There are 2 protein chains.
Amino acid sequence: MAQAGDGSRATPRAARLDDVDRRLLDLLRRDARAPVSELARAVNLSPGPVSRRIDRLERIGVIKGYVTVVDDRAAGDLDAFTEIRLTGDTETGELEQLLRGIEEVQNVFTIAGDPDVLVRLRVHDVDHLQRVVNRIRRTGRTTHTKTLIVMRDWARGEDLDD
Amino acid sequence: MAQAGDGSRATPRAARLDDVDRRLLDLLRRDARAPVSELARAVNLSPGPVSRRIDRLERIGVIKGYVTVVDDRAAGDLDAFTEIRLTGDTETGELEQLLRGIEEVQNVFTIAGDPDVLVRLRVHDVDHLQRVVNRIRRTGRTTHTKTLIVMRDWARGEDLDD
DNA sequence: TCTGAAAGGATTTCACT
DNA sequence: AGTGAAATCCTTTCAGA
């Protein structure tokens, strides 16, 4: 924000926040869509001032935004892996660049052996998957593809339980 | 959610989402507080159906929640480090347990040498800092503390720029 | 499953404290 | 900096297509 977008931050001119501001932030952290009227009740104030405080917190940058947490998998999206073998005259780095331009491509793993490349895809349904795979084949850089649909997955540290 | 909170997920019974649902999700991802009326305009629908669709997306778990992104540093909070030397009869693991019970404590680094322990704190202001440091001293496990206030920091991969 | 309208709330503004 | 009321706007429900 100050020095350039390098991730560093100087200590900001202390925005004086009182207890009410902090409680509003706590409440909004848990439910960004909470109505002002409800927040007002929770902090024993009328809606007017609460609305003004939230405006201020947004203006001075304490509130950076409101985001919705979406479960892509519950959205019916599916994960798939496509194994790719390249044509003899294609370098792996070349295909990687092409793949990165396809929005459904989540990861590109270059493999030592067979296949040459493993691509992780996130698609809406199998039709969509087929279109994406065809698009990859149409680059003319592949001799063979094989697609695997993920049925279940696991990742460490992804327990965002309520 | 299903198998236990172990972070694993089986592929869910495909919730049929259409294009309108996906665009609503995109819009809500960027601004969780966007009014239904505004979303309705964006997807060329009247507010009624949009309201119903959002309800449904929440019910079937595609929308997991709405959160507010708060910049603690802009909130006027400050980071501090406290160096601690222990009394002769205290083990480092013992103090670590005590420190973990203090909510302002963000990290506890046990040091080979002098000091024995380095604690990272997140507090609202210097008064608050003093209270927390005193609380640590009152454990009776420390012979000496020295507190450093962070003026600027940097971390890799924390550029959440707009 | 949408539109359009109506009822019920929520948000914001304003005069006053 | 908060209250209470007024005006505006938003959300939800319901009849009809």
Side-chain angles (χ1 to χ4, degrees), chain A residues 12-72 74-77 124-125 127-128, chain B residues 12-72 74-77 123-128:
Chain A
R13 55 276 170 246
R16 268 275 149 268
L17 300 201
D18 61 17
D19 270 357
V20 174
D21 288 322
R22 295 214 191 83
R23 280 161 64 203
L24 289 176
L25 288 174
D26 273 349
L27 294 163
L28 280 170
R29 249 199 275 252
R30 290 186 215 167
D31 181 8
R33 267 183 102 76
V36 173
S37 54
E38 188 182 316
L39 300 172
R41 240 174 290 126
V43 299
N44 290 317
L45 242 60
S46 50
V50 172
S51 182
R52 253 190 317 105
R53 279 166 181 269
I54 293 174
D55 272 357
R56 171 170 167 267
L57 292 171
E58 292 173 357
R59 261 207 332 279
I60 66 180
V62 172
I63 290 176
K64 297 177 77 172
Y66 306 98
V67 304
T68 299
V69 184
V70 175
D71 185 340
D72 286 326
D77 284 3
H124 296 321
D125 50 48
D127 264 27
H128 186 191
Chain B
R13 55 271 168 251
R16 267 278 149 266
L17 301 200
D18 61 17
D19 270 357
V20 174
D21 289 320
R22 294 213 191 84
R23 279 163 65 204
L24 290 175
L25 288 174
D26 273 347
L27 294 163
L28 281 170
R29 250 198 275 251
R30 289 185 217 169
D31 181 8
R33 268 183 103 76
V36 172
S37 55
E38 189 182 314
L39 301 172
R41 239 174 293 125
V43 300
N44 289 317
L45 241 60
S46 51
V50 172
S51 181
R52 252 190 318 105
R53 280 166 182 267
I54 293 174
D55 271 358
R56 171 170 167 269
L57 291 170
E58 292 173 356
R59 262 207 332 279
I60 65 181
V62 172
I63 290 176
K64 298 177 77 171
Y66 307 98
V67 303
T68 298
V69 183
V70 175
D71 184 339
D72 287 325
D77 285 2
V123 293
H124 296 322
D125 51 46
V126 280
D127 264 28
H128 186 191

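Treat the numbers as computed from the prediction; the structure is a model and nothing was measured. Quick note on labels: first sequence line is chain A, next is B, and so on, each numbered from 1.
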Quick one: does R23(B)'s side chain have a donor or acceptor within less than 3.5 Å of a partner on A42(B)'s backbone? yes

Residues in salt bridge (charged side-chain N to carboxylate O under 4.0 Å, His left out) with R29(B), at least two apart? D72(A), D26(B)

Under the side chain to side chain contact (heavy atoms under 4.5 Å, CB included) rule, what do D21(B) and V62(B) come out as? Steps first, then yes or no, please. CA-CA 10 Å; D21(B) 289 320; V62(B) 172; over 6 Å; no

Which heavy atom in A32(A) sits nearest to a heavy atom in T68(B), and how many Å separate them? CB-OG1, 3.4 Å

Please assess L57(A) against L28(A) for the test side chain to side chain contact (heavy atoms under 4.5 Å, CB included), listing each intermediate value before the final yes or no. CA-CA 11 Å; L57(A) 292 171; L28(A) 280 170; 5.8 Å; no

Does the side chain to side chain contact (heavy atoms under 4.5 Å, CB included) test come out yes or no for R56(B) and L17(B), once each step is laid out? CA-CA 10 Å; R56(B) 171 170 167 269; L17(B) 301 200; 4.1 Å; yes

Closest contact, heavy atoms only, S46(A) versus A40(A): C-CB, 3.8 Å

For each nucleotide in nucleotides 7-12 of chain C, reading 5' to 3', give B when a protein heavy atom comes within less than 4.0 Å of its base, S when such contact involves only the sugar-phosphate, and - otherwise. ---SSB

First and last nucleotide of DNA chain D in contact with chain B, 5' to 3', at under 4.0 Å to a heavy atom: what are they? dC10(D) to dT13(D)

When you measure from the side chain of R33(B) to the backbone N and O of A34(A), does any donor-acceptor pair fall under 3.5 Å? yes

Let's see if you get this right: which residues in residues 21-31 of chain B place a heavy atom under 4.0 Å from DNA chain D? none

Who pairs with E38(A) by side-chain hydrogen bond (donor to acceptor under 3.5 Å, both in side chains), at least two apart in sequence or on another chain? none

Contacts of D19(A) that satisfy side-chain hydrogen bond (donor to acceptor under 3.5 Å, both in side chains) - sequence neighbours left out: R22(A)

